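The model shown is predicted, which means the values in this text are computed figures rather than measured ones. Every number for a ligand or one of its atoms is a count from 1 in the order of the listing.
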Amino acid sequence: MSTVYNVAILVGSLRKASINRKLAQALIALAPPSLQLEIVEIGELALYNEDIDGATPPPAYSTFRSRVKAADALLFVTPEYNRSMPAPMKNAIDVGSRPYGQNAFAGKPGAVLSASPGALGGFGAHHHLRQSLACLNVPMLPAPETYLGGAGHFFDDAGKLNENIQVVLQKFIDAFALWIAKQA
Ligand code: FNR
C-alpha cells in the first residue's frame with residue numbers, strides 16, 4: 001500500500017468569506033491521493049504570552065500543538081496584511097514553536113501559497129513566513145513559488161474557481177506532494 005501523508009493547513013485569514021480559505025479548500029479537493037489535507041484552525045489561540053504558557057498551558061495551545069505534531073507536513077495559505085503575514089498566522093507560529101525545545105513544526109516539510117486581490121500576490125507575507133519557518137527548521141518547497149495576485153476574481157458568484165487558477169493550484173499541490181515524499 002502506498003504511503004499517505006497527513007498535511008495540516010494553516011489559513012492566515014479568519015474571515016468567513018476569505019479567499020485564502022476558499023483556495024485552501026480547493027487545494028484539498030485537488031490534492032493527489034498521497035495527501036490527506038485538513039485545516040487546523042488558529043483563530044481561538046490567545047495571543048502568545050509566556051506567562052500563560054507554563055505547566056498548564058491554555059487548552060487551545062495544547063490542542064493546536066498536538067494537531068501540528070500529528071501532521072506529516074505543513075501547508076500555509078495566507079493573505080498579506082501590511083506587507084507581512086496577518087497576526088493570527090504569526091501568533092500560530094509562535095504558539096507552535098514553544099515551549100522552548102518542543103517546536104511542533106520541526107523537521108516537517110512545508111509549503112506556502114499567498115493570495116491577494118492586489119497585484120503582488122502577498123509577496124511580503126510569503127517571504128516573512130519563509131523567514132520564520134527557516135528558523136523553525138521547516139524545509140520549505142522551493143518551487144513553484146506561488147504568489148497569486150488578482151485573487152478577487154478567482155471565484156465566480158457561484159463559488160466556481162477560475163480554470164487557469166485551478167491549473168496553477170494543481171501544479172503547486174502536485175509539487176508539494178513530491179517534496180513531502182522526498183523529505184520522508
Ligand atoms: C489588507 N490587504 C492587503 N493586501 C495586500 O496585497 N497587501 C497588503 O499589505 C494588505 N494589507 C492589508 C491589511 C489589512 C489589515 C487588511 C484587513 C487587508 C487586503 C487583503 O489582501 C484582502 O483583504 C484579502 O481579501 C484578505 O484575504 P482573505 O481574507 O480574502 O483571505
Side-chain angles (χ1 to χ4, degrees), residues 6-31 35-49 60 63-64 67-68 71 73-97 105 108-136 138 140-176:
N6 292 311
V7 180
I9 309 180
L10 273 58
V11 178
S13 170
L14 302 185
R15 75 186 185 99
K16 286 196 192 78
S18 162
I19 299 164
N20 283 275
R21 179 171 288 266
K22 286 182 202 158
L23 289 170
Q25 281 154 352
L27 288 166
I28 292 173
L30 293 169
L35 300 187
Q36 178 78 41
L37 295 95
E38 199 178 359
I39 294 176
V40 174
E41 299 296 343
I42 63 174
E44 298 299 317
L45 297 171
L47 283 181
Y48 189 74
N49 178 349
T63 304
F64 176 73
R67 292 195 65 193
V68 169
L74 310 163
L75 174 56
F76 300 83
V77 181
T78 191
E80 175 174 271
Y81 282 4
N82 299 311
R83 296 286 180 264
S84 187
M85 71 186 96
M89 183 65 102
K90 181 58 163 59
N91 189 51
I93 291 173
D94 293 341
V95 170
S97 72
F105 303 110
K108 297 181 192 290
V112 52
L113 178 149
S114 58
S116 165
L120 302 180
F123 180 90
H126 187 116
H127 282 281
H128 281 177
L129 247 164
R130 284 184 183 264
Q131 181 175 320
S132 289
L133 293 167
C135 102
L136 294 175
V138 177
M140 294 294 283
L141 174 70
E145 293 173 283
T146 307
Y147 323 103
L148 302 177
H153 304 292
F154 287 178
F155 295 90
D156 68 16
D157 290 345
K160 189 173 177 301
L161 178 61
N162 174 293
E163 281 173 18
N164 294 332
I165 301 304
Q166 186 165 322
V167 171
V168 172
L169 296 186
Q170 190 70 65
K171 280 192 184 142
F172 173 82
I173 199 68
D174 288 349
F176 189 34

Original post:
Where does the angle between the aromatic ring planes of Phe105 and Phe64 fall among parallel (under 30°), tilted (30 to 60°) and perpendicular (over 60°)?
Top reply: perpendicular
Subject >> Set of side-chain hydrogen bond (donor to acceptor under 3.5 Å, both in side chains) partners for Asn162, sequence neighbours left out >> reply: none
Original post:
Does Tyr81 reach ligand 1 with a nitrogen or oxygen that is under 3.5 Å from one of the ligand's nitrogen or oxygen atoms?
Top reply: no
Original post:
Who's the nearest protein heavy-atom neighbour of atom 11 (N) of ligand 1, and how far?
Top reply: Asn82 N, 2.8 Å
Original post:
Are Leu148 and Ile19 close enough that some pair of their side-chain heavy atoms sits under 4.5 Å apart?
Top reply: no
Subject >> Which segment of Glu80 sits under 4.0 Å of ligand 1 when only heavy atoms are counted >> reply: both
**OP:** Just go through Ala17, Pro117, Pro79 and tell me whose heavy atom is the nearest to atom 22 (C) of ligand 1.
**Re:** Pro117
Original post:
Backbone or side chain, does any N or O of Arg21 fall under 3.5 Å from an N or O of ligand 1?
Top reply: no
Original post:
In ligand 1, which numbered atoms sit nearer than 4.0 Å to a non-hydrogen atom of Asn20?
Top reply: 27 (O), 28 (P), 31 (O)
Original post:
What are the two closest heavy atoms between Leu27 and Leu37, and how far apart are they?
Top reply: O-CD1, 4.4 Å
**OP:** Starting from atom 5 (C) of ligand 1, locate the nearest protein heavy atom and write down its residue, its atom name and how far away it is, to 0.1 Å.
**Re:** Ser116 OG, 3.5 Å
Subject >> Protein heavy-atom partner closest to atom 31 (O) of ligand 1 - residue, atom, separation in Å >> reply: Ser18 OG, 2.6 Å
Original post:
Going by the order shown, which atoms of ligand 1 are within less than 4.0 Å of some heavy atom of Ser13?
Top reply: 28 (P), 29 (O), 31 (O)
Subject >> Rounded distance [0.5 Å steps], CD1 in Ile93 versus CE in Met85 >> reply: 4.5 Å
Original post:
Passes ring pair (Phe, Tyr, Trp, His ring centres under 6.0 Å), His128 versus Tyr81? Steps please.
Top reply: CA-CA 11 Å; His128 281 177; Tyr81 282 4; over 10 Å; no
**OP:** Not counting sequence neighbours, which residues clear side-chain hydrogen bond (donor to acceptor under 3.5 Å, both in side chains) with Ser114? List them please.
**Re:** His126
